[in-house]
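Reminder, nothing fancy here: chain letters follow the sequence lines and each chain counts from 1. Keep in mind that this is a model prediction, so the values were computed, not measured.
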Amino acid sequence: MTSHREAPGISTDPVADNTDLYAFVSPDKPSTVTLISNFIPLQLPPGGPNFFSFGDDVLYSIYVDNNADAVADITYDFNFKTTVINPSSFLYNLGPIGSLTDPNWNVRQTYTVTRIDKSGRHVLGSNLASPPVNIGPRSTPNYTTLANAAIHTLSDGSQVFAGQRGEGFAVDLGSIFDLLTLRPFESLSAFPGPTTDSAQGVDTTVDLNVHSIALQIPKTLLTKDGSNPTVVLNQTSVIGVWSAASRQEVSVKHPNGGSPMKAGPWKQVSRLGNPLINEIFIPLSQKDYWNTQQPHNDKQFSQNYLTSQVAGLMPVIYPTALSGVPNGPANPRSDLEAVLLTGLPSSILGVFQNYTGPTLADMLRLNMAVPPATSPSRLGIINNFPTGPADIAGFPNGRRPLDDVIDIYLQVAAGLIYPLIDSTFTPPAAAGLLGDGVNEPAVPFLNSFPYLPTPFDGYFYDAQSNGAPEPYAVGSS
Amino acid sequence: MSEEQEDPRVANQEPSRRTFLKVSAVAGATVAAIAAGASVIPKMAASGAAAVKTSAGKTETEAPALSSHLSSSEPMILVVRGEAVDVYRGENKFPIQDSALARDLTSRVAAKIQV
């Protein structure tokens with residue numbers, strides 16, 4: 001998955017596990033940018049009685065670099081607090097939850113948003129309510145109303161939402177983790193197994209939820225000089241974004257089951273910029289370490305991009321279709337380095353750039369001067385490459401929920417855009433066709449903030465349905 | 001941010017000896033966790049992760065003086081490793097390099113619990 005359970009350490013700490021990060025110009029409010037950072041992967045909707053929630057002992061952060069040095073100029077910190085109204089009960093709710101102040105709601109969570117920038121620390125909002133999780137038609141009968149009530153306006157005019165959402169990242173996990181099988185091409189695999197070559201993959205995350213922290217921020221609050229970015233080729237139009245979760249350095253368990261004693265400075269235990277970096281570029285021996293590092297130190301990992309393990313495996317697994325995938329010393333993957341560690345300079349595509357200088361750093365790079373696409377393509381900039389039309393409002397120009405980063409990564413790893421750095425190279429013919437057969441989530445995204453779907457509820461969850469139509473309350477928030 | 005780098009080759013190693021001994025609290029406020037020879041906590045401290053978060057996570061500022069925290073009701077955790085004593089209170093960490101203090105703490109604790 002993009003960063004779900006991607007490292008040994010964080011796979012045992014789901015509350016702090018940063019799973020997906022999105023950064024895009026808001027399609028319905030183009031004067032703003034939306035940043036969404038997801039945590040707590042693979043939530044089974046019926047997961048009571050102690051339903052999923054943010055960690056009171058975790059510091060969640062979203063970072064923005066606006067002067068191209070891969071060091072945070074703006075930090076948004078999120079601190080959560082859980083309150084149990086009736087600790088004598090074992091129930092999450094004692095009746096239907098009709099509002100965010102309903103006395104039936106027993107286990108609640110509130111949070112504080114703090115912005116840290118060159119002018120200091122600013123608490124933008126406190127005691128902000130997260131919505132309850134989506135339990136079922138009796139407990140949370142009007143879930144969309146509850147979720148809408150949990151969209152708050154901060155003191156600087158930004159909007160915030162923090163709570164459960166439906167998983168928007170669609171992927172055929174079962175197939176990919178079975179020796180990198182792609183169902184549409186499985187007859188070409190070097191390993192024996194089914195050979196149905198089904199064009200349709202299996203959306204493994206179709207009924208699962210995550211917890212999202214979403215911000216919708218005026219662009220003028222993100223640029224280094226407070227200007228409104230309008231010129232695509234100006235460096236000041238580009239921001240770098242990453243997010244992280246941190247825990248205090250020391251934790252001592254309470255001998256009688258009370259809250260553990262925490263002390264010491266916050267230590268980063270999970271981070272995320274571009275999707276799939278720690279997942280498929282970083283070897284097992286370095287994954288936990290990578291999670292502790294800052295983007296401006298990412299030069300130490302550059303060899304994992306120049307010689308990509310996935311690119312190296314492709315001709316092994318698909319010897320007939322992908323024998324010509326570039327990799328290694330003869331064909332170092334400078335294309336991956338450019339896309340993922342520096343951004344694309346204007347010399348590559350001419351009409352677009354998201355270059356942030358020579359510092360190698362894993363950040364989502366968003367050129368805020370690019371307006372939202374009127375007909376967005378799930379393949380973003382590589383749509384119908386090289387003839388196009390490229391959708392420069394999509395990944396790797398930031399990342400929208402609809403961007404199919406699995407298929408984009410597969411095609412780029414197979415060498416699709418390698419001719420941009422080596423005009424004599426001809427990619428394998430199959431490169432532009434690769435995909436897992438899952439192009440979009442079964443449930444549509446919302447048209448407005450916070451964009452990710454209404455969470456799936458526990459009552460209607462059907463472990464066998466795998467995406468079959470069900471009466472989920474999806475409506476537009 | 002801290003520029004300190006942790007050797008990735010040892011990042012996942014378990015401490016050779018993890019003997020946390022929890023000893024008496026003073027009025028419920030002080031707990032000393034003595035980790036004789038433990039390596040896990042100092043190793044975490046040496047990582048390049050976000051430490052004391054200040055201006056946009058850019059720089060790690062020095063923690064305020066411990067004396068300003070002595071009246072705090074928050075528990076204080078001491079970790080003794082070799083000749084170093086790390087003091088944790090609230091969100092702060094106070095590293096003390098003092099072999100005499102480390103030896104004194106270790107021997108006093110050992111005497112209390114008859115190790």
(request) Might you point out which heavy atoms bring R89(B) and A263(A) nearest each other, and give the distance in Å? (result)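 Minimum heavy-atom contact is N-CB, 4.5 Å.
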(message) So does Q248(A) get a backbone contact from the side chain of E91(B), meaning a donor-acceptor N/O pair under 3.5 Å?
(response)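 Flag not set: sc E91(B) to bb Q248(A) has no pair under 3.5 Å.
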(message) Can you tell me how far apart CD1 (I77(B)) and NZ (K262(A)) are? Round to the nearest 0.5 Å.
(response)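 The NZ atom of K262(A) is 10.0 Å from CD1 of I77(B), to the nearest 0.5 Å.
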